[in-house]
Amino acid sequence: MSYQAAADRYSSMNYRRTGKSGLKLPELSLGLWHNFGTNDSMANQRAILRRAFDLGITHFDLANNYGPVPGSAEENFGIHLDKDLRPYRDELIISTKAGYDMWPGPYGEWGSRKYLLASLDQSLKRMKLDYVDIFYSHRFDPNTPLEETMGALATAVHSGRALYAGISSYDAEQTRQAKAILESKGVPLLIHQPRYSMFDRTAEKSLFDTLGAEGIGSIVFSPLAQGLLSDRYLGGVVPKGSRAARNHFLKAQNIGDEYLLHANALNEIAKQRGQTLSQLALSWVLRQPTVTSALIGVSSVKQLEQNVATLSSPKLSLEEIRAIEPHAIHGLGLN
(Lines give C-alpha, C1' and ligand atoms only; values in the text may rest on other atoms or scores of the structure.)
Protein backbone atom coordinates (compact mmCIF):
# COMPACT_ATOMS: atom_id res chain seq x y z
CA MET A 1 0.00 0.00 0.00
CA SER A 2 1.45 3.38 -1.01
CA TYR A 3 2.32 5.91 1.67
CA GLN A 4 0.05 8.91 2.12
CA ALA A 5 1.43 11.59 4.45
CA ALA A 6 -0.74 12.64 7.37
CA ALA A 7 -2.99 15.56 6.46
CA ASP A 8 -2.32 17.24 9.83
CA ARG A 9 1.48 16.90 9.69
CA TYR A 10 2.04 20.64 10.13
CA SER A 11 -0.50 21.20 12.89
CA SER A 12 1.71 20.69 15.95
CA MET A 13 5.38 20.98 14.93
CA ASN A 14 7.12 24.28 15.68
CA TYR A 15 9.41 25.80 13.05
CA ARG A 16 12.19 28.29 13.63
CA ARG A 17 13.82 30.65 11.17
CA THR A 18 17.43 29.72 10.36
CA GLY A 19 19.49 32.76 11.30
CA LYS A 20 18.58 35.71 9.06
CA SER A 21 17.58 33.48 6.14
CA GLY A 22 14.15 32.69 4.77
CA LEU A 23 14.48 29.00 5.66
CA LYS A 24 12.61 27.52 8.61
CA LEU A 25 13.51 24.21 10.23
CA PRO A 26 11.48 22.06 12.60
CA GLU A 27 12.59 22.38 16.23
CA LEU A 28 13.51 18.68 16.06
CA SER A 29 15.23 17.25 12.98
CA LEU A 30 16.01 13.60 12.31
CA GLY A 31 19.66 12.61 12.05
CA LEU A 32 20.60 9.38 10.27
CA TRP A 33 24.03 8.98 11.87
CA HIS A 34 22.96 5.74 13.55
CA ASN A 35 20.30 3.09 12.78
CA PHE A 36 20.14 3.62 9.02
CA GLY A 37 23.13 1.57 7.87
CA THR A 38 23.64 -1.79 6.21
CA ASN A 39 23.00 -3.83 9.35
CA ASP A 40 19.81 -2.03 10.37
CA SER A 41 16.26 -3.12 9.59
CA MET A 42 14.90 -1.46 6.46
CA ALA A 43 11.35 -1.91 7.78
CA ASN A 44 12.24 -0.06 10.98
CA GLN A 45 13.98 2.70 9.03
CA ARG A 46 10.94 3.11 6.84
CA ALA A 47 8.58 3.25 9.82
CA ILE A 48 10.73 5.91 11.52
CA LEU A 49 10.94 8.10 8.42
CA ARG A 50 7.21 7.85 7.73
CA ARG A 51 6.28 8.70 11.30
CA ALA A 52 8.79 11.55 11.46
CA PHE A 53 7.26 13.24 8.42
CA ASP A 54 3.75 12.62 9.72
CA LEU A 55 4.80 14.46 12.90
CA GLY A 56 6.02 17.47 10.93
CA ILE A 57 9.74 16.67 10.85
CA THR A 58 10.73 17.95 7.44
CA HIS A 59 14.51 17.93 7.87
CA PHE A 60 16.60 14.78 7.42
CA ASP A 61 20.32 15.10 8.12
CA LEU A 62 22.92 12.77 6.59
CA ALA A 63 26.64 12.66 5.79
CA ASN A 64 28.68 10.76 3.23
CA ASN A 65 30.18 8.44 5.85
CA TYR A 66 27.02 7.55 7.79
CA GLY A 67 26.42 3.84 8.01
CA PRO A 68 27.97 1.48 8.63
CA VAL A 69 29.20 0.89 5.94
CA PRO A 70 30.04 4.45 4.88
CA GLY A 71 27.53 5.62 2.30
CA SER A 72 24.87 3.10 3.24
CA ALA A 73 22.68 5.57 5.15
CA GLU A 74 22.45 7.73 2.02
CA GLU A 75 21.74 4.68 -0.15
CA ASN A 76 19.01 3.48 2.18
CA PHE A 77 17.53 6.95 2.46
CA GLY A 78 17.35 7.07 -1.34
CA ILE A 79 15.42 3.80 -1.34
CA HIS A 80 12.96 5.13 1.23
CA LEU A 81 12.57 8.33 -0.78
CA ASP A 82 11.57 6.29 -3.82
CA LYS A 83 9.09 4.21 -1.86
CA ASP A 84 7.46 6.93 0.22
CA LEU A 85 8.77 10.46 0.27
CA ARG A 86 9.73 11.37 -3.30
CA PRO A 87 6.30 12.95 -4.01
CA TYR A 88 6.94 15.28 -1.05
CA ARG A 89 10.46 16.34 -2.09
CA ASP A 90 9.60 20.04 -2.11
CA GLU A 91 8.42 19.76 1.51
CA LEU A 92 11.71 18.25 2.66
CA ILE A 93 15.06 19.66 3.73
CA ILE A 94 17.73 17.05 2.99
CA SER A 95 21.30 17.75 4.06
CA THR A 96 24.58 15.94 3.70
CA LYS A 97 28.18 16.57 4.71
CA ALA A 98 31.74 15.73 3.70
CA GLY A 99 34.93 15.95 5.71
CA TYR A 100 35.70 12.61 7.34
CA ASP A 101 37.45 9.57 5.89
CA MET A 102 35.43 8.16 3.02
CA TRP A 103 37.67 6.40 0.47
CA PRO A 104 41.35 5.42 0.17
CA GLY A 105 44.10 7.74 -0.96
CA PRO A 106 44.92 11.42 -0.40
CA TYR A 107 41.62 12.76 -1.76
CA GLY A 108 39.22 10.81 0.46
CA GLU A 109 38.78 13.13 3.44
CA TRP A 110 39.21 16.65 4.90
CA GLY A 111 38.43 19.85 3.00
CA SER A 112 39.99 20.00 -0.45
CA ARG A 113 37.92 21.09 -3.42
CA LYS A 114 38.66 17.73 -5.03
CA TYR A 115 37.23 15.76 -2.11
CA LEU A 116 34.22 17.93 -1.28
CA LEU A 117 32.78 18.15 -4.78
CA ALA A 118 33.50 14.51 -5.61
CA SER A 119 31.82 13.50 -2.36
CA LEU A 120 28.78 15.64 -3.07
CA ASP A 121 28.38 14.06 -6.51
CA GLN A 122 28.58 10.61 -4.93
CA SER A 123 26.01 11.56 -2.28
CA LEU A 124 23.57 12.81 -4.90
CA LYS A 125 23.97 9.59 -6.83
CA ARG A 126 23.39 7.43 -3.74
CA MET A 127 20.22 9.33 -2.80
CA LYS A 128 19.11 9.74 -6.42
CA LEU A 129 18.76 13.49 -6.01
CA ASP A 130 19.45 16.42 -8.31
CA TYR A 131 20.36 18.59 -5.33
CA VAL A 132 20.56 18.65 -1.54
CA ASP A 133 19.11 21.51 0.43
CA ILE A 134 22.19 21.98 2.64
CA PHE A 135 25.76 20.85 1.96
CA TYR A 136 28.18 21.05 4.89
CA SER A 137 31.89 21.08 5.39
CA HIS A 138 31.83 18.44 8.13
CA ARG A 139 34.99 19.62 9.88
CA PHE A 140 37.60 22.34 9.62
CA ASP A 141 40.71 21.28 7.71
CA PRO A 142 43.85 22.82 9.26
CA ASN A 143 45.97 21.94 6.22
CA THR A 144 43.78 23.29 3.43
CA PRO A 145 43.25 27.02 2.87
CA LEU A 146 39.80 27.95 4.10
CA GLU A 147 39.31 29.83 0.81
CA GLU A 148 39.52 26.50 -1.02
CA THR A 149 37.06 24.72 1.26
CA MET A 150 34.55 27.57 1.17
CA GLY A 151 35.11 27.93 -2.58
CA ALA A 152 33.99 24.33 -3.01
CA LEU A 153 30.81 25.03 -0.99
CA ALA A 154 30.17 28.11 -3.13
CA THR A 155 30.59 26.03 -6.29
CA ALA A 156 28.11 23.48 -4.92
CA VAL A 157 25.54 26.27 -4.49
CA HIS A 158 26.24 28.11 -7.75
CA SER A 159 26.07 24.85 -9.72
CA GLY A 160 22.67 23.98 -8.25
CA ARG A 161 23.89 20.87 -6.47
CA ALA A 162 23.04 22.47 -3.11
CA LEU A 163 20.66 25.28 -2.15
CA TYR A 164 22.52 26.36 0.98
CA ALA A 165 26.01 26.06 2.51
CA GLY A 166 26.79 25.02 6.06
CA ILE A 167 29.68 24.13 8.34
CA SER A 168 30.04 21.76 11.27
CA SER A 169 32.38 21.74 14.28
CA TYR A 170 34.15 25.01 13.37
CA ASP A 171 35.13 27.33 16.23
CA ALA A 172 33.95 30.93 16.47
CA GLU A 173 36.85 32.54 14.60
CA GLN A 174 36.82 29.89 11.87
CA THR A 175 33.09 30.53 11.52
CA ARG A 176 33.57 34.26 11.08
CA GLN A 177 36.25 33.68 8.45
CA ALA A 178 34.13 31.09 6.62
CA LYS A 179 31.16 33.47 6.49
CA ALA A 180 33.29 36.31 5.09
CA ILE A 181 34.79 34.10 2.37
CA LEU A 182 31.43 32.70 1.33
CA GLU A 183 29.87 36.16 1.23
CA SER A 184 32.68 37.36 -1.03
CA LYS A 185 31.58 34.60 -3.43
CA GLY A 186 27.91 35.57 -3.25
CA VAL A 187 26.85 32.73 -0.95
CA PRO A 188 25.55 33.23 2.60
CA LEU A 189 26.62 30.90 5.39
CA LEU A 190 23.24 29.51 6.38
CA ILE A 191 23.93 27.25 9.34
CA HIS A 192 26.44 25.76 11.75
CA GLN A 193 26.16 22.27 13.22
CA PRO A 194 27.96 22.10 16.58
CA ARG A 195 27.84 19.44 19.27
CA TYR A 196 25.89 20.74 22.24
CA SER A 197 24.30 19.24 25.34
CA MET A 198 24.22 19.64 29.10
CA PHE A 199 27.48 17.70 29.16
CA ASP A 200 29.17 19.45 26.23
CA ARG A 201 28.87 23.21 26.56
CA THR A 202 31.76 24.27 24.32
CA ALA A 203 29.41 26.19 22.01
CA GLU A 204 28.47 28.53 24.86
CA LYS A 205 32.00 29.93 25.16
CA SER A 206 31.88 32.13 22.07
CA LEU A 207 30.27 30.24 19.19
CA PHE A 208 26.63 31.00 20.01
CA ASP A 209 27.43 34.70 20.45
CA THR A 210 29.16 34.67 17.06
CA LEU A 211 26.25 32.93 15.37
CA GLY A 212 23.81 35.45 16.82
CA ALA A 213 25.92 38.43 15.81
CA GLU A 214 26.51 37.07 12.28
CA GLY A 215 22.92 35.97 11.69
CA ILE A 216 23.81 32.30 11.23
CA GLY A 217 21.48 29.52 12.31
CA SER A 218 22.52 26.43 14.24
CA ILE A 219 21.40 22.83 14.47
CA VAL A 220 22.94 21.03 17.42
CA PHE A 221 23.94 17.38 17.35
CA SER A 222 24.26 14.89 20.22
CA PRO A 223 21.84 16.83 22.47
CA LEU A 224 21.48 13.67 24.58
CA ALA A 225 25.27 13.25 24.91
CA GLN A 226 25.30 9.88 23.12
CA GLY A 227 22.54 8.60 25.41
CA LEU A 228 24.02 9.75 28.72
CA LEU A 229 21.09 12.14 29.02
CA SER A 230 18.53 9.38 28.83
CA ASP A 231 17.24 6.88 31.38
CA ARG A 232 19.37 4.10 29.88
CA TYR A 233 22.28 4.34 32.33
CA LEU A 234 20.67 5.86 35.42
CA GLY A 235 20.91 2.61 37.37
CA GLY A 236 24.65 2.36 36.78
CA VAL A 237 24.28 -0.70 34.56
CA VAL A 238 25.39 -0.73 30.91
CA PRO A 239 22.66 -2.52 28.92
CA LYS A 240 23.66 -5.03 26.29
CA GLY A 241 23.63 -3.49 22.83
CA SER A 242 23.86 0.09 24.10
CA ARG A 243 26.45 2.55 22.77
CA ALA A 244 28.44 2.31 26.00
CA ALA A 245 28.45 -1.49 25.70
CA ARG A 246 29.89 -1.19 22.19
CA ASN A 247 32.75 0.96 23.58
CA HIS A 248 32.86 3.14 20.48
CA PHE A 249 31.76 6.77 20.83
CA LEU A 250 30.72 6.14 24.43
CA LYS A 251 32.58 3.85 26.80
CA ALA A 252 31.40 1.82 29.79
CA GLN A 253 33.88 3.59 32.08
CA ASN A 254 32.07 6.87 31.40
CA ILE A 255 29.20 5.58 33.55
CA GLY A 256 30.88 6.54 36.84
CA ASP A 257 29.73 7.76 40.24
CA GLU A 258 29.91 11.47 39.40
CA TYR A 259 27.88 10.95 36.24
CA LEU A 260 25.26 8.93 38.12
CA LEU A 261 24.96 11.58 40.84
CA HIS A 262 24.28 14.43 38.43
CA ALA A 263 22.28 12.46 35.86
CA ASN A 264 19.90 11.23 38.53
CA ALA A 265 19.55 14.75 39.92
CA LEU A 266 18.63 15.97 36.45
CA ASN A 267 16.18 13.09 36.14
CA GLU A 268 14.43 14.29 39.30
CA ILE A 269 14.07 17.76 37.80
CA ALA A 270 12.62 16.17 34.69
CA LYS A 271 10.10 14.18 36.74
CA GLN A 272 8.93 17.36 38.44
CA ARG A 273 8.17 18.74 34.97
CA GLY A 274 6.42 15.56 33.88
CA GLN A 275 9.26 14.81 31.47
CA THR A 276 11.82 12.11 30.90
CA LEU A 277 15.50 12.99 31.20
CA SER A 278 15.80 12.94 27.40
CA GLN A 279 12.93 15.37 27.06
CA LEU A 280 14.47 17.69 29.63
CA ALA A 281 17.78 17.59 27.75
CA LEU A 282 16.02 18.57 24.51
CA SER A 283 14.08 21.37 26.22
CA TRP A 284 17.38 22.64 27.61
CA VAL A 285 19.21 22.91 24.28
CA LEU A 286 16.15 24.46 22.62
CA ARG A 287 16.12 27.23 25.25
CA GLN A 288 19.05 28.82 23.38
CA PRO A 289 17.77 31.59 21.08
CA THR A 290 20.46 30.86 18.47
CA VAL A 291 19.51 27.17 18.23
CA THR A 292 17.28 26.65 15.22
CA SER A 293 16.84 22.89 15.61
CA ALA A 294 18.11 19.92 17.59
CA LEU A 295 19.12 16.72 15.81
CA ILE A 296 17.69 13.55 17.26
CA GLY A 297 18.74 10.03 16.39
CA VAL A 298 16.24 7.30 17.20
CA SER A 299 16.08 3.53 16.97
CA SER A 300 12.30 3.15 17.10
CA VAL A 301 9.05 4.94 16.37
CA LYS A 302 8.28 4.97 20.09
CA GLN A 303 11.53 6.77 20.85
CA LEU A 304 10.79 9.26 18.08
CA GLU A 305 7.35 10.00 19.47
CA GLN A 306 8.73 10.46 22.99
CA ASN A 307 11.27 12.97 21.71
CA VAL A 308 8.68 14.92 19.73
CA ALA A 309 6.44 15.03 22.82
CA THR A 310 9.10 17.34 24.31
CA LEU A 311 7.70 20.16 22.23
CA SER A 312 4.39 20.01 24.10
CA SER A 313 6.08 20.74 27.43
CA PRO A 314 6.24 24.26 28.89
CA LYS A 315 9.43 26.18 28.28
CA LEU A 316 11.97 26.00 31.07
CA SER A 317 11.52 28.67 33.71
CA LEU A 318 14.43 30.68 35.08
CA GLU A 319 14.11 28.75 38.32
CA GLU A 320 14.34 25.42 36.50
CA ILE A 321 17.34 26.58 34.50
CA ARG A 322 19.06 27.60 37.74
CA ALA A 323 18.27 24.20 39.27
CA ILE A 324 19.75 22.43 36.25
CA GLU A 325 22.93 24.50 36.16
CA PRO A 326 24.93 22.72 38.94
CA HIS A 327 24.34 19.39 37.21
CA ALA A 328 24.92 20.45 33.58
CA ILE A 329 28.65 19.90 33.84
CA HIS A 330 30.80 20.21 30.76
CA GLY A 331 32.67 16.99 30.01
CA LEU A 332 30.72 14.86 32.47
CA GLY A 333 30.71 11.25 31.29
CA LEU A 334 32.34 12.17 27.97
CA ASN A 335 35.85 11.54 26.71
Side-chain angles (χ1 to χ4, degrees), residues 15-21 23-34 36 57-66 73-74 77 92-100 102 109-111 116 119-120 123 132-141 146 149-150 152-153 156-157 162-179 182 187-197 199-212 214-226 249 281-282 285-286 288-297 334:
Y15 299 87
R16 297 184 179 186
R17 190 168 300 279
T18 311
K20 293 181 179 177
S21 78
L23 185 70
K24 292 182 178 180
L25 294 180
E27 287 188 327
L28 295 181
S29 299
L30 185 63
L32 277 62
W33 182 13
H34 301 288
F36 282 82
I57 293 177
T58 54
H59 178 29
F60 300 96
D61 180 79
L62 298 105
N64 59 354
N65 63 334
Y66 287 177
E74 289 180 330
F77 184 70
L92 305 179
I93 301 297
I94 300 170
S95 64
T96 196
K97 301 178 282 291
Y100 286 94
M102 190 60 189
E109 64 176 325
W110 292 106
L116 290 175
S119 177
L120 176 55
S123 293
V132 291
D133 296 274
I134 307 171
F135 182 49
Y136 289 88
S137 167
H138 207 166
R139 59 173 170 170
F140 178 78
D141 183 349
L146 191 56
T149 301
M150 293 303 105
L153 293 186
V157 173
L163 300 186
Y164 299 97
I167 57 176
S168 179
S169 301
Y170 282 49
D171 68 24
E173 181 56 31
Q174 292 160 356
T175 298
R176 281 190 288 268
Q177 293 175 7
K179 178 177 183 285
L182 281 171
V187 176
L189 177 55
L190 174 80
I191 195 166
H192 189 299
Q193 189 174 131
R195 187 168 69 174
Y196 183 55
S197 72
F199 293 164
D200 189 336
R201 304 182 65 170
T202 304
E204 293 178 351
K205 293 179 180 178
S206 57
L207 180 62
F208 282 148
D209 286 344
T210 296
L211 297 179
E214 298 287 349
I216 303 168
S218 69
I219 178 167
V220 298
F221 71 92
S222 292
L224 305 186
Q226 295 293 323
F249 292 103
L282 291 171
V285 298
L286 288 170
Q288 282 282 357
T290 50
V291 171
T292 311
S293 184
L295 273 173
I296 56 171
L334 299 172

For the residue pair [X] and [Y], establish whether any side-chain heavy-atom pair is separated by less than 4.5 Å.
X	Y	result
Phe36	Glu74	no
Phe221	Ser168	yes
Leu286	Leu28	yes
Phe140	Leu146	yes
Ile167	Met150	yes
His192	Gln174	no
Val132	Leu62	no
Ile94	Phe77	yes

So, taking the atom named [atom1] in [X] and the one named [atom2] in [Y], what distance separates them when rounded to the nearest 0.5 Å?
X	Y	atom1	atom2	answer
Asp141	Thr149	CG	OG1	5.5 Å
Lys179	Leu211	NZ	CG	11.0 Å
Asn65	Thr96	CG	OG1	8.5 Å
Leu282	Leu224	CG	CG	5.0 Å
Ile191	Ile216	CD1	CD1	10.0 Å
Leu25	Leu295	CG	CG	9.5 Å

Got a donor-acceptor contact below 3.5 angstrom from the [X] side chain to the [Y] backbone?
X	Y	answer
Arg195	Ser222	no
Asp133	Ser95	no
Ser29	Ser293	no
Ser218	Thr290	yes
Thr18	Leu23	yes

>> According to ring-ring contact (aromatic ring centres under 6.0 Å, His included), who are the partners of Tyr15, at least two apart in sequence or on a separate chain?
In response: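 If we apply the ring-ring contact (aromatic ring centres under 6.0 Å, His included) test to Tyr15, skipping adjacent residues, there are no hits.
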Could you tell me which non-hydrogen atom of [X] sits nearest to which non-hydrogen atom of [Y], and how far apart they are?
X	Y	value
Ile134	Ile93	CD1-CG2, 4.0 Å
Pro194	Leu207	CB-CD2, 3.7 Å
Pro188	Leu182	O-CD1, 4.5 Å
Ala152	Leu116	CB-CD1, 3.8 Å
Phe199	Leu334	O-CD1, 3.3 Å
Asp200	Thr202	OD1-OG1, 3.0 Å

> Can you check side-chain contact (heavy atoms from CB on, under 4.5 Å) on Gln288 and Val220, steps first, answer last?
Replying inline: CA-CA 11 Å; Gln288 282 282 357; Val220 298; over 6 Å; no
> Between His138 and Tyr100, how do the two ring planes meet: parallel, tilted or perpendicular, split at 30° and 60°?
Replying inline: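 Geometry flag for Tyr100 against His138: perpendicular rings.
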>> Is there a side chain to side chain donor-acceptor pair (under 3.5 Å) between Tyr170 and Ser137? Walk through the geometry before answering.
In response: CA-CA 9 Å; Tyr170 282 49; Ser137 167; 2.7 Å; yes
>> Working note: Thr210 + Glu214, criterion side chain to side chain donor-acceptor pair (under 3.5 Å); need CA distance, chi angles, decisive distance, verdict.
In response: CA-CA 6 Å; Thr210 296; Glu214 298 287 349; over 6 Å; no
> Hey, mind stepping through Asn64 and Ser119 against side chain to side chain donor-acceptor pair (under 3.5 Å) and telling me if it holds?
Replying inline: CA-CA 7 Å; Asn64 59 354; Ser119 177; 2.9 Å; yes
> Can Phe135 and Val157 be said to form a side-chain contact (heavy atoms from CB on, under 4.5 Å), step by step?
Replying inline: CA-CA 8 Å; Phe135 182 49; Val157 173; over 6 Å; no
